[in-house]
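All values below were derived from every heavy atom in this structure, side-chain atoms included, with hydrogens, water molecules and symmetry-related copies excluded. All chains are named by letter (A, B, ...) in the order of the sequence lines, taking the proteins before the strands, and each is independently numbered beginning at 1. Only a predicted model underlies this, so the values are computations on that prediction, with no experimental measurement involved.
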Amino acid sequence: MSHPIARRAFLNASLAGAAAAVVPRLSWAQASGKIRIGTILDLSGPLQPFGTQKKRCLDLAIDELNAKGGLLGQQLELISYDSQSNNQLFAQFATQLALKDKVSVVHAGLQSSSREVIRPIFRRANMLYFYNTPYEGGVCDRNTFNTGTTPGQLLANLLPHMIKNHGKNIYVLAADYNFGQLSEKWTRKLASDLGAKVIASEFFPLDVAQFGPTINKIQAAKPDFIVNTFVGPAHASFYGQWTAAGMKKQIPIASQTFGEAGEVVRMPPEVSDGIVVCYNYLDEIDSPANAAFLQRFQAKFGNDYGYIGDLAVAEYQGIMLWAEAVKKAGKLNREDVIKAMGSGLAISGPSGRVVVDPITHHCVFDMYLAVAGTDKRFKILQKFDQVKPTNPNNVCNLVKNPNTNQQFEPTKL
Amino acid sequence: MDFATVVFIQVMYAVATLALISVGLAIIFGMMRVINFAHGEFLMLGGYAVVLPVQAGVNLWVAMLIIAPITVGLFGVIIERLIIRPLYGRIVETVLATWGLSLLMIGLASAWIGFYQAGAAPPFGSVQIGSYREGLYTFFVIGVTALILAGVYGFLRHTRFGLIALGTMQNPAMAAALGVNVSRVYAVTFGLGAALSGLAGAILAPISGVLPVIGITYIAKAFITVISGGATVLAGTIAASALFGTVSQLVTYLSTVIIGEVALLAVAIVLLRLLPEGITGRFSRGGL
């Protein structure tokens, strides 16, 4: 103990040495002779609840493919980076995946803001990219496949139900970044197409957890229902405060995101029941394919896996679509896989049939309208078969104009 | 008129929640000069100390007002003994250690409790105020925060241990010379700060929900409040909460939430430019 400083300095130095020794581990994969799939997900930080379940779905899909002998006779391997809910790390890891790890395909991203960080990087690097997340729609980029839902699938089926049952005045609450902002614009457009109207909109930075003034403003505006696009744990505070203010029975809520991070099992039914959603996948879907999927998920991750949801299953279906394209092309090469993806490719996933639309590089699939019940589960109200993605006026046509690289917005149509 | 009433209630509520999430930090950081980066996770732990017992059938109030502060307080005493004690007076090392603690607590909570732990429903009903409705829980938060602040003041000002703690923080060498067991006083004071953080997390749990990552929501505002409060921990925290809560809430009503947040930060920057030692920095040091 006579030289505590020296001892500490030694410890610090040896820790730094240990950390340096860990770094080269990332490059071992290159020598392994496996097909490498890259991913960047938020596995820590405020968005961890989303990233964790998405990663599990990627792992499950890759395990299942490997158990069947892999692809083109090779095993698959996932190269995974944790973006820590930080968009700057997305840029860094995307560059690393494209230039250093040289993976065959990347399935990555959660927030639309992170997608817009990495999408241009992958496009420039000619690195095939899958964005497997429900989003605000409109991305038109030949290098990118969007396997999540778009407003033309989600809002376009959610809004008519709410307008028919509750009325025409809508109050929008949304996260303050491109996903929330553009979703609000789509809500305005789709509502006006349906003869309804958005009477007010409010946007919230992701760390806002106090909604008192907002609740008062909603009470003053007296909308017929609310459409929210909340993202993350802070925004989830809204539901408890809304219930505490006695508003739950007064004004119904339709959500674009409720349940994507297991809210339906986490929140008390006093808070959650009655919230209406519309997704491509819900754990509650009653089909043999989904029952088998849930069983495999449970076998791998245990009984207390929580709630999987649409956001996570999109990763599973994204991998399966890509794998199907690789099988069809017989090659891993980007150009051949894109061509195979555009050949009317379809898989049968946990949510049902998923067909790739070659015109927009989005997917055609079933949508389910559901309401949260008092038993902490969603009750499916209606199924919409094989719904097409958003593409009003056919502005996006990647077959005719393969060089398009744009995100179409409702105001720019 | 009814609008003015709800605005007043919401301003009081914003002030109360800021003071509530900051009071534990005011003791640990303001009094003891320990930068506790795991403060948000102490609040998170307090939240789980409500939610888990309630799910196991314990009464909500027992869990919230008794189990949560005791659990987090004891946890604080253990953390003080294991991690904080060797680092007193070494600010950078404390920041690193408590930051590590914060990551560890988030990691353990994610692994053991996960993201699907059922929460507790907000108690009480709501009242109609003109064309508005306000939850009774809002009034509960305001009232209980006032009681906590009064209790902390009374404890530190009017009990023997409180006075010894204040004296020890001002001059530990002198306190030791007078026969005070300084390390025990530090441990208990840290535990008190932790217990108050746990209680705050517990009170907010039914209306904000609990997740392993929820601490991030609180920590920045708690630090801004305590730092802007200045040297006199309790008066400073109350003054800073009152200023920031009022400004951000009024601006939010007049414009949007975004501008409300900007206003809070703008006021904090201007304040610290004009009064670098915080609102109470010019008053006597070591007071309350």
**Prompt:** Step by step, would you call B:Val6 with A:Gln219 a side-chain contact (heavy atoms from CB on, under 4.5 Å)?
**Reply:** CA-CA 11 Å; B:Val6 292; A:Gln219 290 166 338; 5.6 Å; no

**Request:** Answer yes or no: is there a donor N or O on one side and an acceptor on the other, between the side chain of B:Tyr116 and the main chain of A:Tyr307, under 3.5 Å?
**Result:**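 Yes; at least one donor-acceptor contact below 3.5 Å.
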
**Prompt:** Taking B:Glu261 for the side chain and A:Val208 for the main chain, is one N or O donor matched with an acceptor at less than 3.5 Å?
**Reply:**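 No.
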
Tell me if the [atom1] atom of [X] is crowded by more than 12 foreign heavy atoms within 6.0 Å.
X        : atom1 : result
B:Phe37  : CZ    : no
B:Trp61  : CH2   : yes
B:Met105 : CE    : yes
A:Arg188 : CZ    : yes
A:Lys300 : NZ    : yes
A:Gln88  : CD    : no
B:Phe8   : CZ    : no

First locate atom [atom1] of [X], then atom [atom2] of [Y], and finally report the distance between them rounded to the nearest 0.5 Å.
X        : Y        : atom1 : atom2 : answer
A:Leu206 : B:Thr217 : CG    : OG1   : 10.0 Å
B:Leu204 : A:Gln210 : CG    : CD    : 7.0 Å
A:Ser237 : B:Ile214 : OG    : CD1   : 5.0 Å
A:Leu47  : B:Ile216 : CG    : CD1   : 9.0 Å
B:Tyr132 : A:Met247 : OH    : CE    : 11.0 Å

**Item:** Residues forming a side chain to side chain contact (heavy atoms under 4.5 Å, CB included) with A:Thr243, sequence neighbours excluded
**Value:**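 If we apply the side chain to side chain contact (heavy atoms under 4.5 Å, CB included) test to A:Thr243, skipping adjacent residues, the hits are A:Lys248, A:Val271, B:Pro122.
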
Determine the option with the most heavy-atom pairs under 4.5 angstrom with chain B, choosing from [options].
options                                : answer
A:Ser85, A:Pro205, A:Ala236, A:Gly212  : A:Gly212
A:Asn216, A:Val265, A:Ile215, A:Asp176 : A:Asn216
A:Ala220, A:Ala209, A:Pro269           : A:Ala220

**Item:** From B:Thr256, B:Ile258, B:Val257, residue fulfilling side-chain contact (heavy atoms from CB on, under 4.5 Å) relative to A:Phe203
**Value:**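 For A:Phe203, the side-chain contact (heavy atoms from CB on, under 4.5 Å) test succeeds with only one of B:Thr256, B:Ile258, B:Val257, which is B:Ile258.
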
Taking every non-hydrogen pair under 4.5 Å, which of [options] racks up the most with chain A?
options                      : result
B:Ala120, B:Pro206, B:Gly114 : B:Ala120
B:Gly209, B:Ser110, B:Gly107 : B:Ser110
B:Ala14, B:Gly260, B:Gly119  : B:Gly119

Atom group of [X] that falls short of 4.5 Å from chain A, counting heavy atoms:
X        : answer
B:Val11  : neither
B:Thr17  : side chain
B:Ser102 : neither
B:Glu134 : both

**Residue-level contacts of residues 242-253 of chain B with chain A, using a heavy-atom cutoff under 4.5 Å** =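 If one takes a 4.5 Å heavy-atom cut-off, the residues of residues 242-253 of chain B near chain A are B:Gln249, B:Thr252, B:Tyr253.
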
Examine whether an atom of [X] lies under 4.5 Å from a heavy atom of chain B, and if so say whether it belongs to the side chain, the backbone or both; otherwise answer neither.
X        : value
A:Phe238 : neither
A:Thr52  : side chain
A:Gln53  : side chain
A:Gln241 : both

Provide the closest heavy-atom pair for [X] versus [Y] in the form atom of the first, atom of the second, distance.
X        : Y        : result
B:Val213 : A:Gly45  : CG1-O, 3.2 Å
B:Arg133 : A:Gln250 : CD-NE2, 4.0 Å
B:Ser255 : A:Lys217 : O-NZ, 2.8 Å
A:Ala244 : B:Ser126 : O-CB, 3.7 Å

